[in-house]
Amino acid sequence: MATEPARLELLSALARKVLWLSSWTIHHANHIRPSADGLKVGGHQASSASLATIMSALYFSVLRPQDRVAVKPHASPVFHAIQYLFGRQTRDKLENFRGFKGAQSYPSRTKDTDDVDFSTGSVGLGVAQTLFSSLVQDYVKAHGWMKDRPEGRMIALVGDAEMDEGNIFEALLEGWKHGLRNTWWVVDYNRQSLDAVVREGLWEKFESMFRNFGWDVVIVKYGRLMRAAFAEPGGEALKRWIDACPNAMYAALCFQGGAAFRKHLRDEIGDQGAVSQLIERRSDDELLALMSNLGGHDMASMIEAFESIDHDRPVCFIAYTIKGIGLPFQGHKDNHAGLMTVTQMEKWRTAQNIRPGHEWEKFEGLSQEPAALEAFLADLPFNRDNQRRLSSPVIDVPERLSFKPSPQMSTQQGFGLVLNELARGDTALASRIVTASPDVTVSTNLGAWVNRRGLFARAGKADLFRSEKIPSTFNWDFSPKGQHIELGIAEMNLFILMSALGLSHAINGERLLPIATLYDPFIERGLDALNYACYQDARFMVAATPSGITLAPEGGAHQSIATPLIGMAQDGLASFEPAFVDELAVIMGWGFQHMQHEAGEGGSVYLRLSTRTLDQPQRMMTPDLQKGITDGAYWLREPGENCEAVIAYTGAVAPEAIEAIGLIGESRRDVGLLAITSADRLHSGWTAARQMRRHRRGPAHLSHIEKLLAPLPRDCGIVTVIDGHPAALGWLGSVRGHRVEALGVEHFGQTGTINDLYRHHGIDANAIIDAAESLTAGAPVRHRKMAV
Ligand SMILES: Cc1ncc(C[n+]2csc(CCOP(=O)(O)OP(=O)(O)O)c2C)c(N)n1
Ligand SMILES: [Mg+2]
């Protein structure tokens, strides 16, 4: 579909305005806004300029309200400028770009107030997020929840060097497996990264790779001026020269300008009649305009490329661009952090017809009527719909999640049992749960859930073993109604999928309650994706198992030491490590609610689970106990007034703590046993209470851990023990000034039995007793645990 000339002109004018506003935003932050610390705000000018035309084509012409976009981090100023023209970004925030509460340097769903679909900043993640968001849209549709909402296209604006990030390739493979649709990736092929010029011929590698994964590839290399010139006599020779020119040389010539291009063309093509005339007919400025008219800077070519797509197959557009186009440092290899000087900006301002003091005016310097431009913007389909951030009602969570009890269980087993019980039932909660696992579905105990709820695929596929009547524990039919998404072994994919599923309420207007399972140590493999999922406030539950050194017989290579600290430090993630299954059931119920609370109150949930089978307590789940469990701790053995020692344990080492307390109790009368289900919740509660007191916000109140430790005499010692880094609990002594011996694991990889390893790392009963003894006066503890 051809776009009429007047519209094209208007779109190009808006693209120039976007480039101006984005550059002015950065300029303002550096040269006009007083900066107390005198620090310059980094560049992004060059990196943004690359995309001004492409993004203007998208936002001012191609996008529909249901489309979602991940904008490459450094195109943030362009994004904010477009939002400003739409009336969704304030001048105040642009003037305060990168300042406290100003527009963010990288588009942020949670911190920016304009219409950011996906937070980006860590390159690669936003790209893959669009792919997984499209799969999630398919999931919602297949389950009959799209209603009459049209399908959106998930679009990523991708830097060419961003394509180096491995997580993009992992996602591509996964997308292929799931029959990806409705996904567009637009590669800003400026052939520059931060440090370097990219390798020659990279586009060919991209092209064959994308085609290999079933994508269409559209290469937008030449703008209209170029194409017209190629049709002139001698045009073919010019095209050959352009195609053969190395990336670095082309960039350097763009920086140097028309005269430099002319010299090179003359030197290299020689006097060849037609082509020489083609070149000589043009002034230096015209020649530069021609040579820098790459596809990605040509409105007509970009619109044509986007509008040529009439199917839902995934498409990769490779749009040739020049980094920093239109700015004095265009094409310069050092331009990544390039900033325009005041003089350069002044010159450019004049060239743009922008009067001093009118720099922020939306349509200043444009020849079109402001009223017409305003009306054009207001009437765009993308801008007409004010409700791009959707919502979805809260799903009821039953008062108590049940499970089939057994006297001895591990938390991993318990997790499977709770899900199995949910799968058997018919609750709204169960219907909205969607599970995923990177090839560890069975070994993390999701098998029973999947047996009942099935695997998701857009097209049904029966389990061949079942249809062939070969006995198997698992019947795994794929169907559009399935509720488990099978993933290959890539933890980045797992967490990016969680991020996409966990935003479904806001993106698709349909709430999902996603659960990921993986081995605990591999949280570290997917950590950046997990961090960004939390950063954009996606809501999900992670069950990580097995964990620690307790997986002993499975070998040293799968031990996790740092994850309790990750759980504590990760913003937006409430972390738990229960010892017993009744605790876990309470935490999961709390978790499903927490995942649905408003922004700022709710978040995601991490369960650090174990394969160690423990004797389960036979007890009533009272409201007090329930509250203690979700607040992070409760007394398993209440301390008396003269308590000498407390053992505070977390997770699978419960039997050692219980045994030690029994043995110590024989020579120390008053000892307490503190069960810690969440060091994270305890610590954050403590921090929040201190801050409230310090700033006198609201009535002074004590946090849960302060209340728990309040009755302990000052000289009571606390031994903490966890199968993880001891620092996770070591802080307990600071709460009320008690001495602490923090036991835990600090070294990786030794294999053995649980007893061997607990002894080796000093988290067995004897180590706990020794630690308690070192903290308390009196005779040595008489009884020790016998060597096993
Ligand atoms: C995971 C990660 N590593 C490093 C960076 C720092 N970084 C930001 S942009 C960039 C290079 C970008 O090059 P390209 O994708 O080609 O974008 P361009 O600036 O050329 O548009 C780098 C290394 C980052 N943001 N994220
Ligand atoms: Mg680049």
Side-chain angles (χ1 to χ4, degrees), residues 18-19 22-23 26 41-55 70-79 98 104-108 118-130 156-171 185-203 205-206 220-221 246-248 250-252 254-255 294-297 316-327 329-339 491-492 495-496 499 524-533 535-536:
V18 164
L19 179 58
S22 62
S23 297
I26 295 163
V41 167
H44 303 188
Q45 272 183 347
S47 201
S48 269
S50 269
L51 272 170
T53 301
I54 296 172
M55 282 177 64
V71 175
K72 79 169 186 184
H74 284 157
S76 175
V78 165
F79 172 80
R98 290 182 125 192
Q104 291 264 328
S105 14
Y106 309 119
S108 169
F118 304 116
S119 300
T120 56
S122 180
V123 294
L125 296 181
V127 185
Q129 174 106 14
T130 57
L157 297 159
V158 192
D160 44 5
E162 184 170 16
M163 286 293 301
D164 288 337
E165 284 290 358
N167 82 272
I168 296 181
F169 301 86
E170 298 176 359
W185 289 355
V186 187
V187 180
D188 174 8
Y189 197 57
N190 62 24
R191 292 153 288 161
Q192 279 187 254
S193 64
L194 209 155
D195 289 342
V197 176
V198 306
R199 295 284 181 282
E200 297 304 321
L202 182 64
W203 64 274
K205 302 293 162 208
F206 288 165
V220 196
K221 179 161 183 183
N247 290 335
Y250 208 88
C254 285
F255 173 71
L294 294 175
H297 300 313
C316 172
F317 298 88
I318 300 177
Y320 275 69
T321 56
I322 296 159
K323 192 158 168 172
I325 184 80
L327 309 178
F329 38 67
Q330 68 176 19
H332 197 292
K333 71 180 173 60
D334 304 338
N335 67 9
H336 191 80
L339 284 172
E491 287 72 16
M492 292 294 273
F495 288 123
I496 301 171
S499 186
E524 288 163 15
R525 173 73 79 104
L527 191 52
D528 197 28
L530 172 62
N531 181 36
Y532 266 69
Y535 168 47
Q536 51 195 328

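Each ligand, and each atom within it, is numbered from 1 in the order the structure gives.
Under 4.0 Å from ligand 1, the heavy atoms of D188 that appear belong solely to its side chain. Of the heavy atoms in S50, none comes closer than 4.0 Å to ligand 1.
Within 6.0 Å of NZ on K221 lie more than 12 heavy atoms contributed by other residues, nucleotides or ligands.
V158 approaches W185 most closely through the heavy-atom pair CG2-CB, 4.0 Å. The two atoms that bring S193 and A161 nearest to each other are CB-CB, 3.2 Å, heavy atoms only. Smallest separation of non-hydrogen atoms from N247 and E200: N-OE2, 2.8 Å. Between I322 and H297, the shortest heavy-atom distance links the atoms N-NE2, 2.7 Å. Closest heavy-atom contact between R199 and Y189: O-OH, 4.5 Å. Between Y535 and S119, the closest heavy-atom pair is CE2-CB, 3.5 Å.
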> Are H336 and H74 close enough, and set up right, to give a side-chain hydrogen bond (donor to acceptor under 3.5 Å, both in side chains), and what steps lead you there?
Replying inline: CA-CA 10 Å; H336 191 80; H74 284 157; 3.2 Å; yes
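For a threshold of 3.5 Å applied to N or O pairs, the pair formed by D160 and ligand 1 contains at least one separation below that value.
The shortest contact between atom 7 (N) of ligand 1 and any protein heavy atom is with L194 CD1, 3.6 Å. Closest protein heavy atom to atom 20 (O) of ligand 1: Q192 O, 2.7 Å. The nearest protein atom to atom 19 (O) of ligand 1, hydrogens excluded, is given as S47 OG, 2.6 Å; this is a heavy-atom distance. Taking atom 25 (N) of ligand 1 as the reference point, the nearest protein heavy-atom neighbour is G121 O, 2.9 Å. Nearest non-hydrogen protein atom to atom 26 (N) of ligand 1 is V123 N, 3.1 Å. Looking from atom 15 (O) of ligand 1 to the surrounding protein, the closest heavy atom is E162 N, 2.9 Å. Looking from atom 17 (O) of ligand 1 to the surrounding protein, the closest heavy atom is G159 CA, 3.9 Å.
Closer than 4.0 Å to atom 5 (C) of ligand 1 lies none of the heavy atoms of the protein.
Separating the CG atom in D188 from the CD1 atom in I318 is a distance of 12.0 Å, to the nearest 0.5 Å.
Contact analysis leaves M163 out of contact with ligand 1, as no non-hydrogen atom separation drops below 4.0 angstrom. By the 4.0 Å heavy-atom criterion, S122 is counted among the residues contacting ligand 1.
Per-residue contacts place S193 under 4.0 angstrom from the following atoms of ligand 1 (heavy atoms of the residue considered): 13 (O), 16 (O). Against a heavy-atom cut-off of under 4.0 Å, N190 is close to the following atoms of ligand 1: 18 (P), 20 (O), 21 (O). Shown in contact with A161 at under 4.0 Å from a heavy atom are these atoms of ligand 1, numbered in order with element: 13 (O), 14 (P), 15 (O), 16 (O).
When distances from the Mg ion (ligand 2) to the N, O or S atoms of D160 are compared, OD1 comes out shortest.
Of the N and O atoms on the side chains of Q45 and S23, not one donor lies less than 3.5 Å from an acceptor on the other residue.
At least one donor-acceptor pair under 3.5 Å links the side chain of K72 to the backbone N or O of S47. N190 contributes no side-chain N or O that, together with a main-chain N or O of S50, makes up a donor-acceptor pair within less than 3.5 Å.
Remark: at the Mg ion (ligand 2), atom OD1 from N190 and atom O from Q192 enclose 90°, rounded to the nearest 10 degrees.
Evaluated by nearest non-hydrogen atom to atom 21 (O) of ligand 1, the leading choice among K72, K323, H44, H74 is K72.
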